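Read through the structure below, which is laid out as structure tokens, and then see the notes.
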Amino acid sequence: MPFYSASVSDALAYLLPALITVILVHQLSRLAKTKSRNPLGLPLPAGPKGLPLLGNIHQVPVKDSWLKFTEWGGIYGEVIGLTLLGKNVIVLNSYKAADDLLNKRGAIYSGRSPAPLMADYGGWYYNMVFVPMGDFMHGQRRILNHFFNASAVRKYSEVLTEKARSLARFTYSKPERFQGFNRLHVTATVLKIAYGFKVTSEDDPIMKEAEASITSGSFLGTPGTHPIDLFPILGKLPFWIWGRKFADGVKAMQQGAYNVGLKPFRFVKQQTAAGVAPPSMASELIESHSLPDGTIKDEEIIWAAIAHLYFAGSDTTVSAVDTFALAMMLHPQIQRKAQQELDDLLRGERLPDLSDRESLPYLEAVLREILRWKPVTPLGIPHRLDQDDIYNDTFLPAGSMVLYNAYAMSFDPKQFPDPFTFNPDRFLTDSQGSVSLRADVLNPEDIAFGFGRRKCPGRHLASEALWINMATILTVFDIRLIKDQSGNDILPDMDYHTHLVSHPKPYKGDFVSRSSSALELLGVLQIGS
Ligand code: HEM
């Protein structure tokens, strides 16, 4: 439970009658408007029957709601209609429905639902999770696409490879700390690309501050469900009416939004003015957008776009690399097959680099299976429908929140037979001994990175980062389960915890070096030692 619950209940004693009246009026006027916009009287998409006023809110579990949506998908179909406290919510349970609506009708399905508490009052208005269609969104996406499109990401190959090797070196020194080292290295990578920062330790104040910032809003529970989100005018009241902790939480959220947004950008601006800024996305944009009067053109769009590298790019990539480590320790035969493919190519003479990617179809299939098997964002990021629409003879009202159930799509047995089995071979075909990727099987990257005009602009960078980490770790180590004192395998807890991004609980693996030549290449063992 979010910690504001107790104080909320006090405040609600006063506010409840007013809230109920406002919900009622809101629902009646919504019903009247919807009727006039839907002259054919088409039904809304089918869904479970809810309660008056509350709608389905009591039926949607706080934990792992995608499982319930998947179950409802089996009853009501691939598109489900719900209402949550008067708000229309559409859940897309199949890839086909998401492709038809979010991709093919992207012009009207690419909004974001407002979340006034976090975005307006909490200072996170620049986060693309909340930015609606318009100039601010397009400006940020233009910058991110310029830096991270499929060919532009090649210029980051060196830093990605260097960081993957550093992760392997850290892991060699303390294998039991792989999970923490993974987070350190992914964060170090994105902060270097974004601002040119050098982060080398988990205790680095930048790491601590960035982590505190990213979790600063988690005390709110599900974004968009606080009474202030439903009735933004309530945010004008002093925050202490929701309790002291809540008021402090909002302050921390505002500080967090500044710490990972404007603050690092201002630092690089000073460095650039002093002529000491290391190369980075920030310094490049500051130089190219500086105007003769000393200001920076589109400054807010620029610092907002850069900030996404950390808070959209690190937690997500960390999750995928963790899933890779867990999948390998649980599936040693698959691990061996991927290592064999790498060994055949590298012959113990060198470590992998990103130019090897196309030559290793089995490893590519493992990467796809990792993104499918443990979706990083099981419900993606909600889209918003900006205009009324009709789909499969149902009426989809403008303003609906559109959730796509990436979990249901990833475990759809029609797309991926035997979906609960970790099986990279599902993506491969073998023709006379030559293995290649099947074109007729959906690539899970087309689910994992979202849809349409909001599709993840960092997907090429993320995919390259995941791949080079996988290839390097597999070349250097066997990843094994750790054992208890009696020699039995200790199985990791595979029940992930999810806020927006899904993560495994703390786990440990045994990373055993495979050969002295790999260690020599890594630089942790001197030749002859
Ligand atoms: C494995 C790693 C990653 C995964 C699984 C992932 C996944 C996603 C998903 C599902 C969305 C929502 C798409 C939608 O609304 O349809 C998204 C949006 C976004 N991602 Fe990623 N992402 C990853 C890494 C990155 C990286 C490295 C960056 C850095 C550039 C990044 C930047 C963004 C941004 C800025 C958005 C918001 C786009 C918008 O609203 O228009 N992501 N990502």
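These numbers come from a predicted model, not from an experiment. Basis for what follows: all heavy atoms, side chains included, without hydrogens, waters or symmetry-related copies. Residue numbers run from 1 in the order of the sequence given. In each ligand, atom 1 is the first atom listed, and ligand 1 is the first ligand listed.
To the nearest 0.5 Å, atoms CG (Leu309) and CE (Met281) are separated by 6.0 Å. The line from CH2 of Trp373 to OG1 of Thr421 is 10.5 Å long, rounded to the nearest 0.5 Å.
Applying the side chain to side chain donor-acceptor pair (under 3.5 Å) definition to pairs two or more places apart or across chains, those involving residues 374-389 are Arg37-Asp388, Arg105-Asp389, Tyr109-Asp389, Arg384-Asp386.
Using a 4.0 Å cutoff on heavy atoms, Tyr404 counts as a contact of ligand 1. Residue Met137 places no heavy atom under 4.0 Å from ligand 1.
For ligand 1, the atoms closer than 4.0 angstrom to any heavy atom of Thr377 are 10 (C). Of all atoms in ligand 1, listed by their number and element, those nearer than 4.0 Å to a heavy atom of Leu144 are 35 (C).
Here Lys208 does not pair with Glu202 in a salt bridge; the nearest charged N to carboxylate O distance is not below 4.0 Å. Ionic pairing of Glu464 and Arg357 is present here: one or more N-O contacts between side-chain nitrogen and carboxylate oxygen are shorter than 4.0 angstrom. With respect to Asp446 and Lys455, a salt bridge is recorded, a charged nitrogen being found less than 4.0 Å from a carboxylate O.
Closest to atom 7 (C) of ligand 1 by heavy atom, among Pro378, Ala448, Gly380, is Ala448.
What sits closest to atom 13 (C) of ligand 1 on the protein, heavy atoms only, is Arg454 O, 3.1 Å. The closest protein non-hydrogen atom to atom 40 (O) of ligand 1 is Arg112 NH2, 2.6 Å. Annotation: atom 12 (C) of ligand 1 to nearest protein heavy atom, Ile381 CD1, 3.6 Å. From the protein, the heavy atom lying nearest to atom 16 (O) of ligand 1 is His383 NE2, 2.7 Å. Closest protein heavy atom to atom 37 (C) of ligand 1: Met128 CB, 3.6 Å. Of the protein's non-hydrogen atoms, Arg141 NH1, 2.6 Å is the one closest to atom 41 (O) of ligand 1.
Side chains of Asn392 and Thr394: a donor-acceptor N/O pair is absent below 3.5 angstrom, by distance only. No hydrogens or angles considered: a donor-acceptor pair under 3.5 Å links the side chains of Ser463 and Glu445.
For atom 21 (Fe) of ligand 1, protein N, O or S atoms under 2.8 Å: 1 in total.
Residues Phe197 and Phe267 meet the side-chain proximity criterion, which asks for heavy atoms closer than 4.5 Å.
In terms of polar-atom proximity, defined here as any N/O pair under 3.5 Å, Leu371 makes no such contact with ligand 1.
Contact annotation for Val376 and ligand 1: only side-chain heavy atoms (C-beta onward) come within less than 4.0 Å of the ligand. Under 4.0 Å from ligand 1, heavy atoms of Thr317 appear from its side chain as well as its backbone. Under 4.0 angstrom from ligand 1, there are no non-hydrogen atoms of Gln140.
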Chi angles and distances behind the ring pair (Phe, Tyr, Trp, His ring centres under 6.0 Å) call for Tyr156, Phe148: CA-CA 9 Å; Tyr156 301 112; Phe148 303 115; 5.5 Å; yes
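Stacking of Arg372 on the aromatic ring of Phe411 is recorded, both the 6.0 Å distance cut-off and the 45° axial limit being met. With Phe416 as the aromatic partner, Arg426 does not meet the cation-pi criteria of under 6.0 angstrom to the ring centre and within 45 degrees of the ring axis.
Arg141 and Pro457 get closest at one heavy-atom pair: NH1-CD, 4.0 Å.
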